[in-house]
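Order of the sequence lines sets the chain letters (A, B, ...), proteins ahead of strands, with each chain counted from 1.
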2 protein chains.
Amino acid sequence: MISPVLVAGAWRQAEDPVDTFTAVNPTTKAPLPDVYPVSGWPEAEEALRASQAAVNALREMPRELLADFLDQYATHIETRADALVEMAHLETALPRQPRLRSIELPRTTDQLRQAAAAVRDRSWCQATLDVARNIRSMYAPLGGAVVVFGPNNFPLAFNSVAGSDLATAIAVGNPVIAKANTGHPGTTRILAEAAFEAVQRAGLPPAMVQMLYRIPPDAGFRLVSHPLTGATGFTGSRAAGLRLKEAADRAGKPIYLELSSINPVFIMPGALRERMEAVADELFASCSLGVGQFCTKPGFVVLLQDTLSETFLQAVCERFAGPTGVLLGAGGVHTIAQAVEKMQGYGAQVLIGGEEVAGEGFRYANTLLRVSGDTYLENLHALQIEAFGVVSLAVLARDVAQMREIARSLEGNLTGTFYTHSQGEDDALYDQIAPIVRDRVGRLLNDKMPTGVAVSPAMNHGGPYPATGHPGFTAVGIPAAMLRFAALHCYDNVRPHRLPPELRDQNPTGAMWRFIDGAWTQASV
Amino acid sequence: MISPVLVAGAWRQAEDPVDTFTAVNPTTKAPLPDVYPVSGWPEAEEALRASQAAVNALREMPRELLADFLDQYATHIETRADALVEMAHLETALPRQPRLRSIELPRTTDQLRQAAAAVRDRSWCQATLDVARNIRSMYAPLGGAVVVFGPNNFPLAFNSVAGSDLATAIAVGNPVIAKANTGHPGTTRILAEAAFEAVQRAGLPPAMVQMLYRIPPDAGFRLVSHPLTGATGFTGSRAAGLRLKEAADRAGKPIYLELSSINPVFIMPGALRERMEAVADELFASCSLGVGQFCTKPGFVVLLQDTLSETFLQAVCERFAGPTGVLLGAGGVHTIAQAVEKMQGYGAQVLIGGEEVAGEGFRYANTLLRVSGDTYLENLHALQIEAFGVVSLAVLARDVAQMREIARSLEGNLTGTFYTHSQGEDDALYDQIAPIVRDRVGRLLNDKMPTGVAVSPAMNHGGPYPATGHPGFTAVGIPAAMLRFAALHCYDNVRPHRLPPELRDQNPTGAMWRFIDGAWTQASV
């Protein structure tokens with residue numbers, strides 16, 4: 001029995017699937033029993049047509065239904081928590097506790113509820129009124145489906161049918177077509193069942209949420225570039241992301257990418273003098289979180305070349321010598337091995353690890369490498385490579401000038417981090433390096449590792465290319481992440497009764513923030 | 001003597017120009033005396049390197065200098081008003097009065113001063129503070145140059161070195177590399193002189209504003225995709241814009257395009273019953289403004305096929321029978337003739353005009369065409385073509401259902417306009433058509449032609465592809481247009497004295513609007 005897809009408001013068998021696949025249990029390396037279809041282009045196109053019907057139906061519906069859906073969906077996820085955690089654990093080997101049950105699942109439901117609150121609050125749309133000229137504008141739905149490709153590393157919180165992309169796309173008022181990650185189709189199915197129930201309960205158009213497990217690459221290119229597509233959210237590998245970007249760009253369709261990032265961490269000498277052991281603890285904890293499979297894992301550590309740094313590297317090695325975790329899949333072992341081999345080929349030296357670990361589960365040894373600033377600068381493109389596991393490269397700068405050069409060499413990253421002396425001993429050095437790093441990252445941190453990505457209105461989980469496709473948008477944080485899936489709608493001299501409630505003289509909720517004649521206010525005109 | 005370029009903080013002769021060119025007086029069809037260089041790639045690259053030095057120097061400078069520059073620049077333009085108006089008239093044939101002197105020049109200085117005010121006010125950057133978690137974010141400069149390609153139709157207000165793109169890019173804090181429009185290099189030179197004086201007076205880095213007259217296409221592709229480029233603003237033809245977009249997209253560099261638009265106008269029967277003559281006046285005035293060379297010219301008029309519409313078309317024809325204006329150049333005559341010929345080839349019938357006008361200056365007859373809804377729908381892609389002159393196509397819909405189908409067929413446009421009965425007789429029809437048009441345009445208008453584009457915070461001079469490259473951004477309106485040239489910068493746990501003033505607890509101006517813990521406020525934390 002092949003698992004059903006969710007298309008056009010119904011669970012049904014895929015029509016003429018081009019293939020089937022199964023997931024693999026990363027702990028046992030054995031295939032899991034459920035079989036999933038690879039849908040062909042006609043099925044994807046049918047989903048697009050159904051989503052257009054949803055776009056049309058939504059125009060007549062109150063926005064509150066979107067909030068109802070998001071809240072209900074969160075509740076339905078909680079109802080299915082046991083099944084979800086069990087299936088996600090089987091498919092990804094991520095621990096049931098605390099990771100899946102106590103961290104990722106609550107994060108998922110929290111995101112959905114924050115999105116619901118944003119819908120009810122309405123301030124997210126930045127209603128802007130020029131009263132004298134009667135010109136009014138706001139962010140609004142795209143008029144097409146948002147296609148979401150989810151990553152392998154967060155089966156719940158970034159799942160294509162439950163994560164930040166879905167929550168924010170729906171909160172704006174766009175239907176979603178989710179493409180499951182091949183690593184956790186069973187988890188995605190349970191989530192999609194919860195989502196579809198919530199769609200029905202809330203009374204939204206039946207095709208508000210659709211889900212396909214997998215499509216051939218060519219169907220993906222057609223999907224992101226189709227006239228009925230509004231925009232795409234993609235989180236995953238750089239190679240796959242850039243191919244989708246090319247297709248979307250050619251058709252003028254927005255695509256938001258969250259690609260690879262090495263997340264440089266500059267550890268300054270004062271911090272090492274002051275609290276070396278604590279910094280080593282924090283670095284290892286951050287590197288090994290989720291078995292190193294975080295987009296924000298610190299994969300690139302910059303130090304000044306001196307005896308203090310040598311002692312620090314030894315302290316880090318001791319921590320890396322601990323037990324390994326099970327990776328998400330066989331592909332992970334392969335790509336880590338490739339990346340480590342590449343780094344070695346360009347002059348990096350393995351301090352610890354550097355090999356696959358035999359035995360139960362897909363494992364690769366915790367790996368720390370080092371390279372001199374000179375060697376790095378000769379091979380800087382090759383050595384800025386993400387290894388998606390417990391792998392980090394220490395770069396030892398000859399002096400401050402070289403540290404600046406290393407900072408200048410950095411490609412776009414999600415994050416850039418500085419550890420400095422708490423009483424200001426590193427401040428002069430910080431001032432020389434941080435401004436260079438600032439322009440090259442989305443989020444700048446002090447004395448805190450980058451792996452925690454709070455769902456905060458002030459978060460930026462984004463950054464300059466190639467970390468993402470656009471430096472002005474965040475994939476996490478509500479309401480900011482909603483703006484990715486919105487169009488700017490202006491109304492010029494439009495009669496009052498034809499305006500959306502957000503732009504009428506009367507404040508629609510009595511509390512919505514609007515920018516009226518140059519000032520933010522909750523008042524009516 | 002070849003006119004000098006403005007590169008790296010100095011007026012100088014172009015180094016190894018690949019060619020030279022002159023502008024043409026559209027009224028006399030004779031070349032103007034001044035000779036301008038076509039710069040090669042090395043000169044463009046030098047400008048990029050100089051702009052990076054400006055980026056670095058700017059980090060140490062107070063933002064107020066940007067405001068000083070913008071204000072001074074406006075004043076320097078006013079000082080040169082006579083020379084500017086004269087040169088712009090010579091190069092474009094646009095009337096000195098009122099167009100250049102009383103409309104476009106004040107619009108230009110007003111934009112610069114609004115941008116200066118936005119710099120001082122600082123609210124544009126949407127500082128967002130999550131105080132409890134100490135996560136703070138704001139929009140900030142891109143860390144690279146903004147490259148601006150200006151259009152031919154507004155030698156002052158959209159000039160690459162003086163218009164909305166320059167004003168907003170600089171207000172964010174980015175240096176600008178302007179590529180002059182080939183149609184008005186002399187005007188651009190005078191503006192660049194005024195700009196450079198203002199750069200020096202304000203004490204900004206000398207390469208804050210640079211200007212090249214022309215570069216070969218290949219150098220353009222390299223410029224928009226270069227690592228030192230932050231983003232590009234392009235206003236011009238769809239063909240040239242899409243080639244630049246392809247190059248920029250491939251390098252992951254943001255590019256904002258303002259391309260062609262036919263700006264559909266739906267004229268409903270009640271409006272014709274009520275005020276036919278007035279609507280005909282407004283339509284002709286809007287079509288012929290700037291000799292039809294406005295991005296927002298109504299080039300596509302949708303009517304119900306009945307005797308009222310026939311009478312209306314006659315009334316419009318009478319107005320189109322008036323005198324013609326001089327176009328910006330020989331290319332204009334050629335592309336209009338091509339577009340009209342294409343429309344005829346796909347079944348449109350010329351009601352009036354349809355031919356080049358001999359005699360003084362580049363002229364094409366004011367041209368009104370008509371086509372049935374049936375014929376249009378058979379050739380809808382071919383018939384959605386911009387003719388950049390006093391040309392408009394009337395599409396006659398068989399019935400309301402067909403009018404809906406025509407609305408659904410529309411590509412992305414800057415504007416969509418509805419003329420309706422003032423007492424509500426068209427409201428039912430409006431409700432059937434307007435929601436379809438809403439998703440396909442950036443700005444929706446009622447009973448007002450789209451050619452006026454107010455510099456208002458609520459303006460959207462943008463729209464879905466192919467009108468622009470992204471549906472979420474406007475090219476006109478301050479502060480909104482600034483967001484095109486900004487990156488989102490997040491500070492996570494960064495120490496207070498290392499934060500930019502906008503993100504510290506204390507409100508930096510006492511009046512700046514910030515989004516603190518979910519509410520907009522002018523207070524400090």
Side-chain angles (χ1 to χ4, degrees), chain A residues 55 59 128-130 133 135-137 139 141-143 245-246 249-254 412 430 434-435 438-440 442-448 450 454 456-460 462 464-466 469-474 480 483 486-495 498 513 515 518-520, chain B residues 55 59 128-130 133 135-137 139 141-143 245-246 249-254 412 430 434-435 438-440 442-448 450 454 456-460 462 464-466 469-474 480 483 486-495 498 513 515 518-520:
Chain A
V55 164
R59 289 203 195 93
T128 301
L129 281 65
D130 179 338
R133 285 188 271 211
I135 303 175
R136 302 169 187 227
S137 64
Y139 290 104
L142 291 165
K245 172 172 153 56
E246 195 186 338
D249 284 343
R250 203 178 301 125
K253 292 292 178 186
Y430 181 92
R438 173 66 280 184
D439 288 351
R440 289 163 172 77
R443 180 164 53 116
L444 186 80
L445 297 102
N446 279 185
D447 309 302
K448 180 184 175 186
S456 160
M459 177 49 60
N460 182 13
Y465 185 87
H470 194 295
F473 293 97
T474 176
L483 298 179
L488 184 59
H489 279 186
C490 176
Y491 296 80
D492 190 344
N493 201 41
V494 169
R495 299 184 195 174
R498 294 171 177 172
W513 285 99
F515 190 64
W520 287 95
Chain B
V55 165
R59 288 202 195 93
T128 301
L129 281 65
D130 179 337
R133 286 189 269 212
I135 303 175
R136 300 167 188 229
S137 64
Y139 289 105
L142 291 165
K245 173 172 153 58
E246 194 184 339
D249 284 343
R250 204 179 299 125
K253 292 292 179 185
Y430 181 91
R438 174 64 281 185
D439 287 351
R440 288 160 173 79
R443 180 164 53 114
L444 187 80
L445 298 101
N446 280 183
D447 310 302
K448 181 184 174 186
S456 160
M459 177 49 61
N460 181 13
Y465 184 88
H470 195 296
F473 293 98
T474 175
L483 298 180
L488 184 59
H489 279 185
C490 176
Y491 295 80
D492 190 344
N493 201 42
V494 170
R495 299 184 196 173
R498 294 171 176 171
W513 285 100
F515 190 65
W520 287 95

What are the two closest heavy atoms between [X] and [Y], and how far apart are they?
X: A/F473; Y: B/F473; answer: CZ-CZ, 3.7 Å
X: B/C490; Y: B/S137; answer: CA-CB, 3.9 Å
X: B/V494; Y: A/Y430; answer: CG1-OH, 4.1 Å

Top of [options] for chain B proximity - count of heavy-atom pairs under 4.5 angstrom:
options: A/P141, A/P471, A/A480, A/G143; value: A/P471
options: A/R440, A/E246, A/K245; value: A/K245
options: A/A251, A/G412, A/G518, A/A434; value: A/A251
options: A/N460, A/T128, A/D130; value: A/N460

Please classify the contact of [X] with chain B as side chain, backbone, both or neither, using a heavy-atom distance under 4.5 Å.
X: A/R438; answer: both
X: A/H489; answer: both
X: A/P254; answer: side chain
X: A/K253; answer: neither

Interatomic distance, B/L129 atom CG to B/F515 atom CZ [nearest 0.5 angstrom]
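Those atoms lie 11.0 Å apart.
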Distance (rounded to the nearest 0.5 Å) between A/M459 CE and B/D492 CG:
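Rounded to the nearest 0.5 Å, the CE-CG separation comes to 5.0 Å.
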For B/D447, check salt bridge (charged side-chain N to carboxylate O under 4.0 Å, His left out) against everything at least two apart and list the hits.
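Salt bridge (charged side-chain N to carboxylate O under 4.0 Å, His left out) check on B/D447 returns A/R495, B/R275.
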Salt bridge (charged side-chain N to carboxylate O under 4.0 Å, His left out) against A/D439, all qualifying residues, sequence neighbours excluded
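Only B/R59 meet the salt bridge (charged side-chain N to carboxylate O under 4.0 Å, His left out) criterion with A/D439.
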Chain A contact via B/Y139 - side chain, backbone, both or neither, heavy atoms under 4.5 Å:
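Just its side chain gets close to chain A.
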